[in-house]
Amino acid sequence: MAVVRWEDGDWGEPELQPVGPLSLHPASHALHYGSTCFEGLKAHRGVDDVVRIFRVTRHVERMRGSAATLMMPVPDTDLLAGMIQEVVGANLDTVPASPGSLYLRPTLIGTEPNIGAAAHPTTEALLFVLASPVGSYFANGEQALVLAIETTLPRTTPQFGSIKAGANYAMALGPTRRAVADFGADQVLFVPDGDVTETGAANILLLDGERVLTPKLTPAFLDGVTRASLLDLAADLDYEVEERTMHLDDIFEWAKRPDAEIALCGTAAVLTGVGELVHEGRRLPVGNGEIGPNTVALRRALGELQTGERPDPYGWTTPIEP
Ligand SMILES: *Cc1c(COP(=O)(O)O)cnc(C)c1O
């Protein structure tokens, strides 16, 4: 992993070190006052054996936004991008062949040892980048997801909706576990006050043979890199792409059509089809209940771009020299 500390108002020199336990003061800011955020991105081994990181700059920019919102020290773009590249370079041998990949987890935590610091930003911080080889998300075959709809609770508080703050995931856990227990759901779609946002860790797309629709960004939910990438790719594949305010009724109307597809997207699962919605205990199939052809085609196109099988006119991939 790559590690760097922030002390006395400045970043030190990042170092590569073996993954091992961190030594933290029990009064560390992050442990009490939630000063913690992270990113998740991947490096892919290409068909040409070249390892490429996907959209590193965009992930770094989002992490800088997360840090700023949490009043934490904001890592310089070059510092964090450099650490990510160093970690991939140091772990090149462990990057599995596609559809596996190397998952990268930059993490920032407040380390000021001060129980009295509830109302001020941390004066010390630790930034590290972990790497872990991951297999295909669909290794056990692919099942269409069951998506429960939550119309009362938001996923998290609106001012944290567009950042990857640790607290957001704790906040989504209760409603998600209840939906798993009560309805056998895989994920929860948060639709507070009838406005469609996203699930616990993925954005939502509506697809058919001609169109790709998704809720228009608001600060209340995450500007997913996979979402943005799939929208660009879809437009270039001649889908009509539309970002718009979406209400619960729009989802139900869409799902009724026989060729309707709904899918969830994010770095971990790429693009996963939803087969069934559950709302107030009632179950509603999406289209024919199967994973649809447009979901599969878009996912394949993104995978091909990440592994160099498809040209990258967007400059999204960063090759790492051995
Ligand atoms: C990480 C995340 C996503 C997906 O973002 P990507 O950049 O596509 O990985 C979507 N929603 C939430 C809440 C997330 O934490």
Side-chain angles (χ1 to χ4, degrees), residues 34 36-44 53-67 69-70 80-81 84 101-108 129-132 134 137 145 147-148 150 153-176 179 186-192 195-206 212 214-234 243 246 262-272 274 295 298-299 301-303 305-306 314 316-318:
T36 168
C37 60
F38 65 91
E39 264 307 318
L41 68 164
K42 284 177 173 173
H44 303 265
I53 310 176
F54 188 65
R55 303 205 75 169
V56 61
T57 316
R58 192 164 170 137
H59 283 280
V60 167
E61 285 314 309
R62 193 170 64 190
M63 180 121 181
R64 285 164 51 84
S66 296
T69 301
L70 293 167
L80 180 52
I84 294 169
S101 59
L102 188 68
Y103 183 79
L104 301 158
R105 171 52 66 90
T107 310
L108 177 63
V129 180
L130 287 172
S132 158
V134 290
Y137 207 77
L145 300 176
L147 187 62
E150 167 64 55
L153 297 172
R155 181 181 76 92
T156 183
T157 182
Q159 72 265 35
F160 282 6
S162 54
I163 68 172
K164 289 183 97 85
N168 287 348
Y169 305 86
M171 235 174 305
L173 209 47
T176 307
D186 296 295
Q187 294 290 336
V188 172
L189 178 66
F190 291 90
V191 189
D195 288 327
V196 178
T197 61
E198 62 168 335
T199 67
N203 295 112
I204 183 166
L205 300 183
L206 276 49
V212 178
T214 195
K216 191 165 80 183
L217 289 176
T218 77
F221 71 93
L222 202 81
D223 180 358
V225 178
T226 315
R227 171 189 181 280
S229 306
L230 288 168
L231 294 184
D232 283 350
L233 264 179
E243 298 176 68
M246 218 176 258
I262 295 181
L264 303 181
C265 65
T267 295
V270 193
L271 186 64
T272 312
V274 173
T295 300
L298 262 189
R299 178 167 80 213
L302 182 60
L305 192 142
Q306 290 167 332
Y314 317 99
W316 288 343
T317 52
T318 305

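All ligand and atom numbering here is 1-based and tracks the order in the structure.
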Q. Excluding sequence neighbours, so at least two apart, what forms side chain to side chain contact (heavy atoms under 4.5 Å, CB included) with Ser101?
A. Lys42, His44, Val134
(Q) As a test of reading the model: which residues have a non-hydrogen atom less than 4.0 Å away from ligand 1? (A) His59, Arg62, Arg155, Lys164, Tyr169, Glu198, Gly200, Ala201, Ala202, Asn203, Leu222, Gly224, Val225, Thr226, Gly266, Thr267
Without placing hydrogens or testing angles, list every side-chain donor-acceptor pair under 3.5 Å for residues 162-171, not counting sequence neighbours.
from: Asn168; atom 1: OD1; to: Thr156; atom 2: OG1; distance (Å): 2.7
from: Asn168; atom 1: ND2; to: Phe160; atom 2: O; distance (Å): 3.0
from: Asn168; atom 1: ND2; to: Ile163; atom 2: O; distance (Å): 3.0

(Q) Under the rule for side chain to side chain contact (heavy atoms under 4.5 Å, CB included), what residues qualify as partners of Ala220, not counting sequence neighbours? (A) Thr218
Q.
Checking side-chain contact (heavy atoms from CB on, under 4.5 Å) between His59 and each of Leu80, Thr267, Ile53, which is the one that passes?
A. Thr267
Q) So, are Glu61 and Arg64 salt-bridged, with charged N and O less than 4.0 Å apart? A) yes
Q: Could you tell me whether the side chain of Arg227 and the main chain of Leu222 form a donor-acceptor pair under 3.5 Å?
A: no
